[in-house]
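Below you'll find the structure, written out as C-alpha cells, and then a few comments.
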Amino acid sequence: MTAVLELEHLSVTYETTQGGVHAVQDVDLTIASGSIMGLVGESGCGKSTLGRAILRLLPDNADMQGSVRFAGRDLLSLSAKQVRDLRGRNLAMIFQDPMTRLNPLMRIRDHFIETIRAHDPEVRPEDALERAKKVLADVRVPSDRLGMYPHELSGGMRQRIMIALCLLFNPALLIADEPTTALDVILEAQILQLLQSIMHEYDMAVLLITHNLGLVAEFADRVAVMYAGRIAEEGATVPLFREPRHPYTQGLLRSVIDLETTKLYSVPGEPPSLLGDSIGCPFFPRCEKRMSVCETVFPEIRLVGEDRRKVACHLY
Amino acid sequence: MGGSTASLRAYVITRVILMVPMLVLLLTFTFIILRVAPGDPVSTIYGERGNPQVIDRIKTELGLYDPLYVQYFRYLHDVFTGHMGTSILTQRPVIDEIWSRMPATIELTLSSMLVASVLGIGLGTFAGTRRDRLPDFGTRLYGALAYNIPIFWFGLILKLVFAVWLGWLPVSGRFSPRLSTPPTVTGLYTIDSLLALNLPAFADAVAHLILPSLTLGIVLSGFFVRITRVNVIHAMGSDYVEAARARGIPERSVFFRHGLKNALVPVITTMGLTFALLFSGAILTETVFSFEGMGRFVYLALSYRDYPAIQGAVVYYGILMVIISLMVDILNAFVDPRIRY
Ligand code: SF4
C-alpha cells in the first residue's frame with residue numbers, strides 16, 4: 001500500500017479575540033492511494049477544518065502546524081502559487097451544498113473552461129469543452145447541460161457537475177465534505193455509488209467527511225473518528241464497526257442502533273469548548289467509563305488489539 | 001440564446017405597459033395632496049394684502065373654483081395630451097419650462113452618479129477586501145461622514161474653498177456668459193460642446209459641473225461605499241468563491257469573475273433606488289450653485305404653490321423614475337440570468 005496523503009501532528013488553531021480555538025490538534029492520518037477514508041464526528045469536531053487544511057483553504061486567522069505530506073512534498077511549506085497549482089489538478093474538493101457552489105452568473109460550460117485554463121492557459125476553449133464533455137459523460141450528465149446556468153439544474157445534477165469539475169485533471173485525492181448531506185436519500189446513494197465507481201476508474205483516493213456513520217460503514221475502507229479536534233479512534237471499517245473500542249465510538253454506534261436510522265445520532269452531553277488549553281481526556285465529561293486518571297492525564301494514541309487499531313483512551 | 005433574448009423583450013414590454021397605471025396612481029396622489037395641503041397659488045403669490053376681487057377673478061380663470069372631480073379629470077386630460085398647463089408664477093407653459101431645464105438636471109445627476117459610483121464602488125471594494133483592518137475602518141468612517149453630511153452646508157463649504165478662496169473653479173451657474181453656448185443637440189453643455197468640437201466650451205462646462213457634482217456625488221458615495229463593502233464581503237465569503245479557490249482558479253479571477261461580479265448585482269439595484277435621493281439632493285445642490293435645472297424650478301414651484309408647475313414636475317419625475325427603474329431592471333436581467341427566466 002502506498003500512501004497518497006500523510007498528516008503528521010497536524011494542528012489548526014484559529015486566532016480569535018477570545019484566544020486560540022484549537023479546531024484540529026495533533027492529528028496523524030494516512031490515506032492509502034485508491035482508498036476511501038471516512039472521517040466522522042459531530043459538527044464542530046474539526047472534521048471540516050481538517051479537510052480544508054489539506055487544501056490550505058482556511059481563512060487568514062488559521063494557524064497550521066505539523067505537516068501535510070502529499071506526493072513527496074509538505075503542503076504547508078509551499079507558496080500560495082504552488083498550492084493553487086495543486087488545487088483542482090492533484091487535489092480536489094467537493095462540498096456540502098451543491099446549490100450554492102457554482103457561480104450563479106456563469107454557465108456550466110464556463111466553469112469548465114475556466115478551470116481547465118487556470119491550469120493549462122494554452123488550451124483553446126473548444127478543446128476545453130471536449131474535455132468537459134468527456135468528464136460529464138463519466139458522471140452521467142448529458143452534455144447539453146453545459147449551456148445552462150446553475151439555477152436551471154437540480155441539486156443532484158449540480159453535485160455531479162462539481163464532481164466532474166474535480167475529475168478534469170485526474171487528481172490523486174478527492175476531499176468530499178458532507179457531499180450528500182443536502183440531498184435526499186435516493187440521490188445520496190446514487191452520488192456515493194457514482195463516487196465509488198469513478199474512484200476506481202480514475203485511481204483516486206477519497207477523504208469522505210461526514211456525520212453519517214451509515215455512509216461510512218457502507219463505503220469507507222477505513223474510518224477515523226474525530227472528537228474535539230483529535231482522532232479518538234482509527235482503523236479498518238469492518239472491525240471498527242464490529243467492535244468499537246473508544247467509548248465515544250461506542251456511544252456513536254449505539255445511538256445509531258437505538259434510533260434504527262442512519263441519519264441522526266446523539267451521545268448525551270455537549271462537546272467541549274475548543275478555546276484555550278485543556279488537560280486530561282477531552283471526552284471525560286461525557287464518558288460512561290471514565291476513571292480518575294482520565295481527568296488529569298491526556299490519553300495518547302496507542303495501537304490496540306490484533307488489528308492494531310489506533311485508540312486514544314486510558315482503558316487500553 | 002434566442003430564447004433568452006425573446007424573454008428579455010417580453011419582460012421589457014410588460015414593464016412598459018405597467019408604467020401607465022403607475023403614472024395614473026402617482027398623478028392622483030399628487031392631485032390629492034396638493035388640494036388637501038393648506039394654501040393656494042394665487043393667495044400665496046399675491047399675498048395677504050392682495051385685492052380680494054382680483055384674487056377671486058384669477059382663481060375663477062384658473063378653474064380653482066370648479067368641483068374637484070372636474071379639476072382632476074382636466075388635469076389627467078392635460079397630462080395625457082402632453083399639455084401641462086401654464087405656470088402661474090412664470091406665465092410660461094410648464095412643458096417649456098421642463099424642457100429647457102431638464103438637460104441641466106440630467107447633466108448634474110449623471111455626473112454626480114459617476115462620481116458616486118467611482119468613489120463608492122472603488123472605496124467599498126477596497127474596504128470589503130481588507131475587512132476589519134485599518135483601511136476598512138478609514139473607509140467606513142468616510143462612508144458614514146459622507147452619507148450624513150448636510151448637502152447644503154457641504155456645497156457651501158466646497159464653493160467657499162475652491163471657488164471663492166482658491167478661485168480654481170467658477171462660483172455658480174452652468175456656463176460662463178463670456179463664451180457662447182454650443183448649438184443645442186442634447187441640451188447637455190458638455191456633450192453639445194464636444195459634438196461641436198468646441199474644447200474651450202467643453203472645459204468651461206466641465207469646470208461648472210465639478211463642484212455641484214462633487215457635492216452631490218460625495219454625499220451619495222457614502223451610501224454606495226456601505227452597500228458595496230457589504231456585498232463584496234458577502235460574495236467573497238460565499239460558497240462559490242471557496243469552491244473556485246478549491247479548483248485552483250487564480251485569486252485575481254476569483255475576485256473579479258466570482259466575487260466582484262456577484263457583489264455588483266445588488267449594488268446596481270440599489271443604484272437605481274438612489275436616483276430618488278439624487279433628485280432631491282439635486283434640488284439643494286442646484287440652489288447652492290444657482291444651477292438652473294429642474295431642482296430650482298421645483299423649489300420655486302413648491303414655495304409658491306404653483307399647482308400646474310408642481311404637477312408637471314411630478315409627471316416629469318415620475319416618468320424619469322419609471323424609465324430609470326426599467327433601465328436598472330434590464331441591466332440586472334442582462335447581468336443576472338436568474339432574473340431573465
Ligand atoms: S480516556 Fe477515560 S474519559 Fe477518555 S474516553 Fe477513555 S475512559 Fe473515557
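Every heavy atom of this structure was used, including side-chain atoms; hydrogens, water molecules and symmetry mates were not.
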For a quick check under 3.5 Å, do [X] and [Y] share a side-chain donor-acceptor pair by atom type?
X      : Y      : value
A/S48  : A/D177 : yes
B/S253 : A/E114 : no
A/Y14  : A/T49  : yes
A/D138 : A/Y202 : yes

State whether the side chain of [X] and the backbone N or O of [Y] hold a donor-acceptor pair below 3.5 Å, judged by distance alone.
X      : Y      : result
A/K47  : A/V40  : no
B/N148 : B/A144 : yes
B/H258 : B/I249 : no
A/D74  : A/S67  : no
B/T139 : B/A127 : no
A/T210 : A/N212 : yes
A/D110 : A/M106 : no

So, the part of A/R117 with a heavy atom under 4.5 Å from chain B: the answer is neither
If one checks every heavy atom of A/L105 against chain B at 4.5 Å, the contacting part turns out to be both
Ranked by heavy-atom pairs below 4.5 Å to chain B, first place among A/T115, A/I175, A/L55 goes to A/T115
Comparing A/R101, A/R56, A/H111 against chain B, the one with the most heavy-atom pairs below 4.5 Å turns out to be A/R101
On the 0 to 90° scale, with breaks at 30° and 60°, tag the B/F279-B/F275 ring pair as parallel, tilted or perpendicular. tilted
Tell me the residues of [range] whose non-hydrogen atoms fall below 4.5 Å from those of chain B, in number order.
range                       : value
residues 158-166 of chain A : A/M162, A/L165
residues 121-132 of chain A : none
residues 75-92 of chain A   : A/R84, A/R87, A/G88, A/L91

Residues of residues 222-242 of chain B with a heavy atom under 4.5 Å from any heavy atom of chain A, in residue-number order, are B/D239, B/Y240, B/E242
*List the steps, then state whether side chain to side chain contact (heavy atoms under 4.5 Å, CB included) holds for A/R107 with A/F112.*
CA-CA 9 Å; A/R107 288 176 200 275; A/F112 280 94; over 6 Å; no
Worksheet item: Given B/N332 and B/T269, is the side-chain hydrogen bond (donor to acceptor under 3.5 Å, both in side chains) satisfied, shown in steps?
Response: CA-CA 7 Å; B/N332 257 337; B/T269 312; 2.7 Å; yes
In terms of heavy-atom contacts, B/G295 and B/I283 come closest through O-CG2, 3.6 Å
Closest non-hydrogen contact found for A/I191 with A/G156 is CD1-O, 4.0 Å
With side-chain hydrogen bond (donor to acceptor under 3.5 Å, both in side chains) as the criterion, how do B/S221 and B/Y147 come out once you've worked through the C-alpha distance, each side chain's angles and the decisive distance to 0.1 Å? CA-CA 7 Å; B/S221 76; B/Y147 187 61; over 6 Å; no
- Message: Please check if the number of heavy atoms outside A/D60 that lie under 6.0 Å from its CG is greater than 12.
- Response: no
